[in-house]
Structure formats: structure tokens, C-alpha cells
Amino acid sequence: MTDLPRASHADRQHTTDLLDIALAEGRLDAAEHETRTGTAERAKDPQILAGLVADLPDRPGVRDWTNRLRVRAADRRDAVTWLGDALADGVLTAGEHERRLTKVAEVVTYRQLKRAMDGVGGPPFERERLFVTEADRARLAARLDRDLAAGLIGSGDHAELTAAVTDASRYGDLDAISADLAARTGTGRRADVPRRLEDAHADSRIPVSGHERRVARRRRPWRLAAAAATVAAVVIATVLVARVPDAAPPTATGRNMAIQWQAGPDRPSDVQATGTWVHADTLIRAREDLVTAYDAATGRQVWTFQPPDRQELCTMSRGVSDGVGILGLGADDDGLICNTLVAVDLTTGKTLWRRTRAVGDSGTSVAAVDDEVGIAGNTVVFKEGTGFAAVGLRDNRVKWRKAAPATCAGYSVTAAGNDAVLISACPEAAARLVMADPASGQVRFQVPLRMHPDDALVNRASNNKATVVLSTTPLVVRTTDDGTRTADAVLSFDARGNRRAAISLSQPDLDVGPAQIPGAYPGFIPYPGARVRSLAVVGDTLIIPARPAGGSEENRVAAFSLADGHRRWLTELPEQIIGAAADANRFVAFTYLGILHTLSPVDGAIVSEVPVDGWTNYPMHTDLRLLPGRYAVSNYHSSTETPPALMIG
């Protein structure tokens, strides 16, 4: 019999690497890490090394709630958030909430954390184990009343099932009662509550991490419970599979990324950028006096566009279409007389057409890249002195004109896809939002808005557009909910213009998007002329950087449901966020020290954290764009140390 092989240096190094990962992820504290690392460095027996990491994952970024594994700091923070949601939803009493918070602070393994979170929505539990609310019970009780009135069940059945609903504590209970009701009535359908929540979950109105947060005590068996639970499990499993990101981000390889190229410094260096476009294989950066297109592969300048006749760029379309972008030019240093629109061919930088628009006696609203013009398909929609107008993207032919309401003035235009959102500012801080077909101008719906009083000052240089359309589909608007400064909010609307949710920008523990969503005063956003807006609307979720209440750094990412306004998740990052971008599968936050953090839009989990080699520049605001396999960065300010544009790959 031979002795077991001794542990090699590589074995010890591998073990200490896993311990370092566990420390970074908050699975070990500093003292435990030091103790285990010291033991690993001296170990000669492979079994000792194996024991040191037996309760740790074998790679970074593991999000599984495996019983034996030690809890990540991020999961502990999420648990605190979920408990807060359960308290707010009435799922937990204040006393139970405090007891569970104490348990969460003390847990070590996921087995213990699961016990502390039993019945609360958020963790990856089976649906039937989650607690229900009084509202859930009330819906099923109302169904019983309707079936009794319709003669589908007798008074005895009604009394028995109503008592069962009163005692129900978890979704498994309600599922079983619903199945029993369907069997007695012969309808073969489930009750409203479980079906409603499953539908909301399946179409992303309720995320996996926040699915069914509800309250209670004990479980009562009912016939068909097993069948109902099986059906629910299949539904949830199908949804989970469907929601898993199907396109891994380029940062998921585990390697560091590097700066592939960076453009030479701007001259003069005190002129800030006003916006960024991406077209085909070019990154296009616009500033007040010059627009430059860079080859995305090499950083070579492809073309430049310089405003003629001493004019300056004062507005630009948010997006581009069919290889065309729209610039607004004016000769007024304050940006008020922004009276010339120019269509630019983004392949060559040549002018396709110019149009002079009427802007009224005092000009139009101010500050570069405020929403004066937008592109939707082959239509350009813009503001003019008396209201709004639209022309063909390439032929400049007028398609329609629409006057603002009497006593009102055109305030902003946002166009994208098949939507054009026209906002008119009216006296007494009122406003009218119109959703129109961009090609015909036909009104689909209109809704009133409350605006900050300064919003109505559409001709003053102090106005930085506090009311901003963040998304057209779905329609999401930052405005003032009731006309007071304390009610600044993001509002969401359905396809018919009905109000869905209001998300307060000032929450008990967070200031939401202070550097992303312009406020009514210049101090509310560091650079009013720059559309930073490192936020995203992904499906039915608003994802946006935030900072602790009263704090100074946006080092958190928060997600809110656009269906009900509730917070879906909150993820803390180690440094200030300087830029962010998203697609359907990921939200990427770029932080101050040059680290790309990729988060899952579903639950905010950090998929990867990848440093950028060679990052020595510290701009506070960048325009980050996602390209295939790499990231484009346009800095709003440039200097000899900070390039105007660069590519990371």
C-alpha cells in the first residue's frame, strides 16, 4: 500500500486562489481568510487543502444557493432587500422582519439563509412555498362568492373552501384550493390569483427574484395539491429557462480587457461633447464645434463635420436611421436660436439637406442635446415656433404639421421606432403629452402631465428640461407627479396612455439617478449639456444608477418594475459608476477605476467584473456603447490625460 501523493505547490496555490475569491465575494471575512490561507500555505496533505475549500465554490461568480456553500455578501444584501419588500408588502410583521434580519446577519451557509428567508419572495425557492398576502386570499374568496351566486357550488362547499382560504398561508395552499374548486365546479380552471401572478411573471412584469412575495403560517394539504404544484413548477422552470441570458457578454471570459485604441486629445480641450452616435463600423462623437467619426476597429478618423458660418451645434437626434443623423445648429452662444436642422450622411459626413425652422421671438428651449428633434424610421420629427412638424428623412419633404394647444408652447420631441412623443408646456406648470404616429402625425392618445414650475420656462437659459421622455416603448417619462419638488418621479404608461406606475426619485434609502435624469436646476446634473443618462429600460424594468440617500456617489444599480413601481433588485458596486449601457441580456456598468461590471437584468446578479488594462483616466461621465465583442467609450470632457474616444476589447 503506497502513501497518498503530497500536495504540490500548484495545489496550494489553487486553494489560496479560491480563498482569495471567497474573500472578494464576501463569503469569508478577513480573519477567516487569513487563518485558512496560512493553513493552506503550510499544508502537505491534499485532504487538508480540500477541507479548507469544501464549503466554497470552485470558481468565481457562482450564484447557486447550494446548501453547503457559504453565503456571498451580495446574496446577504439581496436578502435584506427582499425582507424589506416583504415588510412593505405586508408579508412580514415589523417584529418578524426584525427577527429575520438578525438571522440573516448571523447565517453562514445557504442552508441557514434559506431557513431565514422561508416563504419570502426573492430567493430561488419553489413557488408553492412562498407566502401569500391578504389581497391574494381576497381574490380567491371573491371567486368563491361569484361561483356561489352563479350556482356552481353549494353553500356547504362555499363555507368549507372559504375557511380553507382564510387558513391558507402559501401559494401551494391556494393552488390546491383552486384545483379543488375547479374539480367541484367542473370549470377546469384555476383561480384568478395564481393565474394572474403566473402571467405577470411569464411576461416579465414580475421578475424571478421578486416573484410572489406573500405572508403566513402553516400549510394545509388539499387534494390535487401535488398535481397543482407540479404544473406550477413546470411553468416556473420554463420561464426561468426562457429568461436566462442567451448571449454571453464579451467580459464573461474571465480575462482582463484592454484599450485597443484611443483618439488624440481634443483641441481646444475646454469644449465638451454633446452626444454620441454609433453607425455600422464607426463611433461618432459630436461636440459644439465639431463632429468626428472614428473607425471602430482602428480609431482612425473617417470624416469630420464642422458647422459652417460660425454656427454651433445646439441639438442632435438621440438616434440615427438608415445611415442618417440630424444635427441642430445656431449662431447664438446661449443656444437659444437653434434654427437650422442638418441631415448628415453618416458614411461620408456630407450634408444631405438643410432646413431653417421657425423658433419664435425668443428661440426654442435651450442646452445642447435637449430633445428638439428625433428620428423614427424614415421620418424626422422636430419642434418649431408654433408646435411640431415632420419631414422625410432623406427628401426633407413636409409630412405634417401640428400646432401646440392654445397658450402652450412646444417643449420636447422624442421619436424612436414607430412612436413620436410630443410634449407641450402650458401655463401654471401644466403640460400635454401626445403620442403620435411619426409618419402621419395621427394622435394615438394624449395625457396631461404635471411639470416642475420651471419646466414652463421653455425660453430661458436656466431651464435644463426636468421633464424628459426616457423611453417611448414602453412610454416612460420623468416629470413631477403633483407639481411639488418632493414628488419628482418617473411615470410609466400603457399603450393607451393609462398611468401604470410612479417611481419616486427620492426614496427612503436611495436617491435615484441624480446624475442620469436632469433636474429643474443646473446643479441637479453636473453637465446639463451632456445627455449622460446611463440608464436602460429592459422589457418592463427601469434599470438606473443610484446613490445612498444623501450620499455623493452613484455606486449602486437599482431596478424598478414599470408595472407597479416596486423595486425589483438593488446591487452595490465598489466604486462610482461613470457610464452604463444595456441590451436585452445584460446591464454593463463602467466604474471609476476602469472595471466593467456585467449585471443580469433579471435579478441584478453580477455576472462578471473585468478590469480594463491600461485604464488611467478618470472622467466622471462617459457615454458607454455596447459593440460586438467590445465597448466604445465617448468622454464628455477631454484633456491631454483623457482621450475624447476610445475602444475597449
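As the structure is a prediction and not an experimental result, all values here were calculated from the model.
Within the 4.5 Å cutoff, no side-chain heavy atoms of V633 are placed close to those of Q262. Between R12 and E41 the shortest side-chain heavy-atom distance does not fall below 4.5 Å. Here the side chains of I284 and V278 are not in contact, with every heavy-atom distance at 4.5 Å or above. Side-chain contact between N635 and P644 is absent, with no heavy atoms from C-beta onward closer than 4.5 Å. The side-chain heavy atoms of D511 and L505, taken from C-beta on, include no pair separated by under 4.5 Å. The shortest side-chain heavy-atom distance between V612 and N256 does not fall under the 4.5 Å cut-off. Residues I595 and V610 form no side-chain contact, since every pair of their non-hydrogen atoms from C-beta on lies 4.5 Å or further apart. Using a 4.5 Å cut-off on side-chain heavy atoms (C-beta onward), L130 and V120 make no contact.
Between W615 and Y592, the distance separating the two ring centers is not shorter than 6.0 angstrom.
Between K44 and D11, none of the side-chain N atoms (NZ, or NE/NH1/NH2) sits under 4.0 Å from a carboxylate O, so this pair counts as no salt bridge. Ion pairing between a basic and an acidic side chain is recognised when a charged N comes within 4.0 Å of a carboxylate O; R76 and D78 show no such pairing. In summary, R63 and D603 engage in a salt bridge, as defined by a charged side-chain N under 4.0 Å from a carboxylate O. A salt bridge links R170 and D118; the closest N-O separation between the charged side-chain nitrogens and carboxylate oxygens is under 4.0 Å. No salt bridge links K103 with E106; every basic N to acidic carboxylate O contact stays at or beyond 4.0 Å. Ion pairing of R129 with D173 is absent here, as no side-chain N (NZ or NE/NH1/NH2) approaches a carboxylate O to less than 4.0 Å. Comment: R556 engages E572 in a salt bridge, judged by a side-chain N to carboxylate O separation of less than 4.0 angstrom.
To the nearest 0.5 angstrom, T15 atom OG1 is 4.0 Å from L49 atom CG. Remark: L23 CG to D29 CG distance equals 8.5 Å, nearest 0.5 Å. A distance of 4.0 Å separates CG of D20 from NE2 of H33, quoted to the nearest 0.5 Å. Rounding to the nearest 0.5 Å gives a distance of 8.5 Å between CD1 of I544 and CZ of F587. With rounding to the nearest 0.5 Å, the separation of OG in S534 from CG in D623 is 7.0 Å. In this structure, the separation between CD on E553 and OG1 on T591 is 10.5 Å, given to the nearest 0.5 Å.
Judged as a salt bridge (charged side-chain N to carboxylate O under 4.0 Å, His left out), and not counting sequence neighbours, the contacts of R99 are E96. Remark: H97 pairs with no residue by the side-chain hydrogen bond (donor to acceptor under 3.5 Å, both in side chains) rule, at least two apart or across chains. Legend: residues meeting side-chain hydrogen bond (donor to acceptor under 3.5 Å, both in side chains) with T66, ordered by chain and number and at least two apart, are absent. The side-chain hydrogen bond (donor to acceptor under 3.5 Å, both in side chains) check on Q112 picks up nothing, with sequence neighbours excluded.
Residues T16 and A40 approach most closely at CG2-CB, 3.9 Å, considering heavy atoms. W261 and D295 get closest at one heavy-atom pair: CZ2-O, 3.6 Å.
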Would you give me the side-chain donor-acceptor pairs under 3.5 Å for residues 55-62, sequence neighbours excluded?
| residue | atom | partner | partner atom | Å |
| --- | --- | --- | --- | --- |
| D55 | OD1 | R36 | NH1 | 2.9 |
| D55 | OD2 | R36 | NH2 | 3.1 |

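Donor-acceptor pairing under 3.5 Å is recorded for the side chains of Q507 and R567.
For residues 39-69, the ring-ring contact (aromatic ring centres under 6.0 Å, His included) pairs, not counting sequence neighbours, are W65-Y110.
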Could you walk me through whether D509 and R547 pass salt bridge (charged side-chain N to carboxylate O under 4.0 Å, His left out), step by step?
-> CA-CA 9 Å; D509 59 336; R547 67 189 182 195; over 6 Å; no
